[in-house]
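Just below is one structure, and these are the notes that go with it.
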Amino acid sequence: MKDFFQSSLDQEPSKLTYGSVILDTRSCVATYDGCEVTLNPKEYALLKLFLSYPNHVLSYDAIIDGVWEGDNIPTYSSIRTHIKRLRQAFKAAQYPNEIVENVHSLGYRLKPLPTAEATIIRPSQAVLQRFFQVKSIEYLVVNDRQVILYQSPGVSQYSDYPHELKVGNSVNDSFPELLGLETVFAEILAQKREGFDLKGIARAQNPQRPEYINLYAIADKQNTSAQHIFIFCEDASEHMQYRQRLVQHANETMLLLERLRT
């Protein structure tokens with residue numbers, strides 16, 4: 001067993017890695033996600049051994065042969081204590097799991113890394129802006145007092161009072177549909193509700209504004225400290241006109257059926 005470890009360690013690479021864990025064998029420094037993990041010599045030797053055999057379950061005897069030299073043979077209890085300290089060192093470095101796990105009746109091994117999930121590809125800001133343009137979506141950002149903090153360039157076309165739509169003004173001045181919703185806004189910021197929407201809001205006949213709009217209000221849940229809400233404005237004219245045609249067609253059909261019955 002000793003010869004097996006010796007022949008392998010004689011050819012060790014300058015760095016051993018396991019996920020975001022990196023051990024530099026030249027500087028004898030271990031890091032997790034770029035942050036140094038503080039280890040004493042035995043903990044370092046244990047980590048080096050486990051990283052050298054990431055897919056092996058190492059028995060107590062294998063650990064002794066790989067870490068301890070000479071006649072200074074530790075007890076199994078002592079090995080468990082060193083492994084516990086190794087785990088604690090990584091926990092202090094914000095490692096999300098136990099770096100080493102026990103395999104019942106067999107020994108210890110590196111805790112297997114989570115199964116790789118599908119790569120998450122998020123749209124860039126340019127792609128999102130293009131999507132908003134295609135969908136005719138603009139937006140506002142308001143604070144907990146419903147004061148406008150930011151407005152996208154084309155959002156004024158969704159308001160019947162565009163002259164009131166300014167950063168620093170109340171959003172209620174330009175979108176009176178939001179009057180009386182102070183409690184709802186407070187509940188969104190307190191994460192008591194996801195958000196709300198107002199659909200099919202009629203607008204004045206004006207070439208600069210859609211005939212109907214939808215409003216969606218939502219907070220940024222990823223930033224729990226932010227006290228602001230996004231209000232998205234969507235052109236709903238085509239959808240509403242389609243619904244009106246369906247209703248009109250249904251009414252005409254009903255009238256026709258009534259006439260046939262008589």
Side-chain angles (χ1 to χ4, degrees), residues 20 32-35 91-97 114 117-206 208-244:
S20 296
Y32 166 65
D33 205 17
C35 298
K91 184 176 182 181
Q94 307 302 311
Y95 193 78
N97 302 302
E117 297 180 357
T119 302
I120 299 175
I121 303 176
R122 294 184 172 87
S124 67
Q125 188 67 23
V127 170
L128 288 175
Q129 289 177 348
R130 179 58 181 158
F131 172 77
F132 285 171
Q133 291 171 1
V134 171
K135 296 290 289 182
S136 299
I137 295 176
E138 299 288 343
Y139 70 96
L140 296 158
V141 183
V142 301
N143 64 12
D144 56 339
R145 293 176 287 110
Q146 295 176 272
V147 173
I148 299 172
L149 302 177
Y150 175 82
Q151 61 189 62
S152 63
V155 74
S156 61
Q157 66 179 321
Y158 291 87
S159 171
D160 273 337
Y161 307 95
H163 56 284
E164 298 288 350
L165 190 59
K166 299 175 183 177
V167 171
N169 283 3
S170 170
V171 71
N172 298 327
D173 297 336
S174 47
F175 289 88
E177 299 83 9
L178 300 174
L179 280 168
L181 296 177
E182 293 80 7
T183 301
V184 177
F185 274 78
E187 289 177 349
I188 294 174
L189 289 173
Q191 297 189 4
K192 294 182 179 179
R193 66 160 68 198
E194 293 286 334
F196 71 88
D197 56 70
L198 300 174
K199 294 185 177 181
I201 303 171
R203 280 289 175 255
Q205 296 293 330
N206 188 312
Q208 300 302 315
R209 289 189 286 278
E211 187 175 355
Y212 295 92
I213 68 169
N214 295 333
L215 295 180
Y216 305 89
I218 188 170
D220 185 355
K221 294 183 68 175
Q222 297 298 318
N223 188 359
T224 56
S225 63
Q227 291 293 296
H228 54 248
I229 292 176
F230 292 88
I231 301 175
F232 294 93
C233 307
E234 177 186 27
D235 185 349
S237 301
E238 184 176 346
H239 177 70
M240 291 300 295
Q241 289 164 3
Y242 177 71
R243 287 188 59 186
Q244 289 172 354

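For residues 174-188, the set of pairs meeting the side chain to side chain donor-acceptor pair (under 3.5 Å) definition, not counting sequence neighbours, comprises Glu177-Arg203, Glu187-Arg193.
In this structure, CG on Leu140 lies 10.0 Å from CG on Leu149, to the nearest 0.5 angstrom. Note: Ser159 OG to Ile213 CD1 = 8.0 Å, rounded to the nearest 0.5 Å. Residue Ser156 holds its OG atom at 7.5 Å from CD of Gln151, rounded to the nearest 0.5 Å. The CD1 atom of Ile148 sits 10.0 Å away from atom CG of Asn143, with the distance rounded to the nearest 0.5 Å. Note: Phe230 CZ to Ile218 CD1 = 9.5 Å, rounded to the nearest 0.5 Å.
Aromatic rings from Phe175 and Tyr158 are positioned such that their centres are separated by 6.0 Å or more. Between Phe185 and Phe196, the gap from one ring centroid to the other is short of 6.0 Å.
Partner of Ile231 under the side-chain contact (heavy atoms from CB on, under 4.5 Å) criterion, chosen from Val155, Leu198, Val171: Val171.
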Mind running side-chain hydrogen bond (donor to acceptor under 3.5 Å, both in side chains) on Tyr32 and Gln94 for me, showing each step along the way? CA-CA 8 Å; Tyr32 166 65; Gln94 307 302 311; over 6 Å; no
Pair Glu138, Ser152 - check side-chain hydrogen bond (donor to acceptor under 3.5 Å, both in side chains), show working. CA-CA 6 Å; Glu138 299 288 343; Ser152 63; 2.6 Å; yes
Determine, stepwise, if the pair Tyr150 / His228 fulfils side-chain contact (heavy atoms from CB on, under 4.5 Å). CA-CA 10 Å; Tyr150 175 82; His228 54 248; over 6 Å; no
Show the numbers, then the answer: is there a side-chain contact (heavy atoms from CB on, under 4.5 Å) between Leu189 and Ile229? CA-CA 7 Å; Leu189 289 173; Ile229 292 176; 3.7 Å; yes
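Side-chain atoms of Asn169 come within 3.5 Å of backbone atoms of Glu164 as a donor-acceptor pair (strictly under, hydrogens ignored). A donor-acceptor pair under 3.5 Å is absent between the side-chain atoms of Asp235 and the main chain of Pro210, judged by distance alone.
Looking at every heavy atom in both residues, Cys233 comes nearest to Leu215 through SG-CD2, 3.5 Å. When every heavy atom of Tyr95 is checked against every heavy atom of Asn97, the shortest pair comes out as CD2-O, 2.7 Å.
Taking Pro176 as the reference, Tyr161, Leu179 meet the side-chain contact (heavy atoms from CB on, under 4.5 Å) condition, with sequence neighbours excluded.
Taking 4.5 Å as the limit, some side-chain heavy atom of Asn172 sits within range of a side-chain heavy atom of Gln146.
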